[in-house]
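Step one of this worksheet: look at the structure below.
Below, all heavy atoms of this structure are taken into account, side chains as well, without hydrogens, waters or symmetry copies.
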Amino acid sequence: PLRPGPTGDPDFLYATGASAGIGAGSGRQSPVSSVASSHNASPEFTHFREGTPTPFFTLSGNVRSLDTQARLVGHEGPINCSAFACSGERFATGSNDHSICIWSTFSLCMEDRLVDPKSVVERVAFSPNDELIASACQDHCVSVWNCKSRSKVNTLVGHKKSVTGVSFFFDSRMLITSGQDRYVRQWDCLRGSEVFAMQSSSPILDVCTLPES
């Protein structure tokens, strides 16, 4: 579901999704696989974003009028996920092409592309202080990147199957992940160590934390 901005007005949304078909006015029929909203939506800048499997681009448009404003090209494979930075100044998309693209929310230009040759990216998340990006990958690992240097900080190893979800805690150091191996795991992402693990009776598709948890 799309989430309203701070004003509570459902017309004013920042949303970013993977696949196509956000809004009846888009004229697209393919399914939407994920949606995320920014934390500081405002009437002055109301956009939705979506990524389509074929061809591989993200769309920017006005939520109120559902008019497409730009096609953002960068990925070379299907786009699986997207997430806004807490500042709202940029957003990231993850893809089957083993990369994370970082985009400017305001210029709609790609700032950088983080490539991990062995990792299909299933989910991405920014830390609350916007200093880190974590990616949940099909290779059973979680990659943690420094937003400023664009370098990899750590690779978190512990899941036995594809990692399906990732979310930071409020301290921007701890994060939690979910996986097809039926486990939820908490990590110290700077040390690269697992804090605890909890098993479910079935595979877990995603995970999230409360804003001030």
Side-chain angles (χ1 to χ4, degrees), residues 3 16-18 33-39 75 79-103 111-213:
R3 298 196 297 270
T16 171
S33 60
S34 73
V35 174
S37 61
S38 75
H39 298 272
H75 284 292
I79 300 168
N80 298 323
C81 56
S82 52
F84 277 94
C86 291
S87 66
E89 295 178 357
R90 58 184 50 87
F91 65 98
T93 52
S95 170
N96 280 12
D97 65 2
H98 307 251
S99 75
I100 301 168
C101 286
I102 301 174
W103 310 83
E111 295 181 349
D112 212 338
R113 188 165 178 252
L114 311 178
V115 179
D116 197 344
K118 297 181 180 180
S119 301
V120 170
V121 181
E122 292 283 359
R123 291 287 184 273
V124 290
F126 283 88
S127 62
N129 62 10
D130 286 346
E131 293 182 1
L132 300 172
I133 299 177
S135 58
C137 303
Q138 283 187 9
D139 68 351
H140 313 172
C141 297
V142 178
S143 296
V144 181
W145 305 80
N146 183 292
C147 289
K148 186 175 181 179
S149 67
R150 311 297 202 221
S151 60
K152 186 181 287 190
V153 176
N154 259 316
T155 300
L156 309 179
V157 180
H159 283 285
K160 306 303 181 185
K161 293 185 178 180
S162 178
V163 186
T164 58
V166 60
S167 182
F168 278 92
F169 285 93
F170 189 68
D171 63 1
S172 295
R173 176 166 184 160
M174 297 291 176
L175 60 80
I176 193 166
T177 59
S178 60
Q180 289 284 354
D181 61 358
R182 301 183 297 161
Y183 274 91
V184 170
R185 301 177 189 272
Q186 183 179 336
W187 309 83
D188 183 324
C189 65
L190 298 184
R191 291 185 177 180
S193 58
E194 184 178 299
V195 177
F196 81 88
M198 180 175 62
Q199 189 175 21
S200 173
S201 59
S202 59
I204 304 167
L205 300 181
D206 207 349
V207 66
C208 66
T209 57
L210 294 172
E212 297 185 4
S213 57

Report the distance from atom [atom1] of [X] to atom [atom2] of [Y], rounding to the nearest 0.5 Å.
X: Leu132; Y: Arg173; atom1: CG; atom2: CZ; value: 10.5 Å
X: Ser135; Y: Glu122; atom1: OG; atom2: CD; value: 10.5 Å
X: Asp130; Y: Glu89; atom1: CG; atom2: CD; value: 7.5 Å
X: Arg113; Y: Ile102; atom1: CZ; atom2: CD1; value: 12.0 Å

Hey, are Ser193 and Asp188 close enough side-chain-wise for a donor-acceptor pair under 3.5 Å? no
What pairs with Ser172 under side-chain hydrogen bond (donor to acceptor under 3.5 Å, both in side chains), at least two apart in sequence or on another chain? Asn129
Mind checking side-chain hydrogen bond (donor to acceptor under 3.5 Å, both in side chains) for Trp145 and listing every partner two or more places apart, or none if nothing turns up? none
Donor-acceptor contacts, no H, no angles, side chain residues 156-166, under 3.5 Å, sequence neighbours left out:
from   : atom 1 : to     : atom 2 : distance (Å)
His159 : ND1    : Asp181 : OD1    : 3.2
His159 : ND1    : Asp181 : OD2    : 3.1
His159 : ND1    : Arg185 : NE     : 3.4
His159 : NE2    : Thr177 : OG1    : 2.7
Thr164 : OG1    : Ser178 : O      : 3.3
Thr164 : OG1    : Ser178 : OG     : 3.0
Thr164 : OG1    : Ile204 : O      : 2.5
Thr164 : OG1    : Leu205 : O      : 3.4

Less than 4.5 Å apart, any side-chain heavy atom of [X] and any of [Y]?
X: Asn80; Y: Val120; answer: yes
X: Arg90; Y: Ile133; answer: no
X: Phe168; Y: Cys189; answer: yes
X: Ser167; Y: Ile176; answer: yes

Asn146 (side chain) donor-acceptor with Val153 (main chain) under 3.5 angstrom: no
Closest non-hydrogen contact found for His75 with Ser99 is ND1-OG, 3.3 Å
Can we say Asp112 and Arg150 salt-bridge, meaning some charged N sits less than 4.0 Å from an Asp/Glu carboxylate O? yes
If the plane angle is over 60° it's perpendicular, under 30° parallel, otherwise tilted; pick one for Phe91 and Trp103. parallel
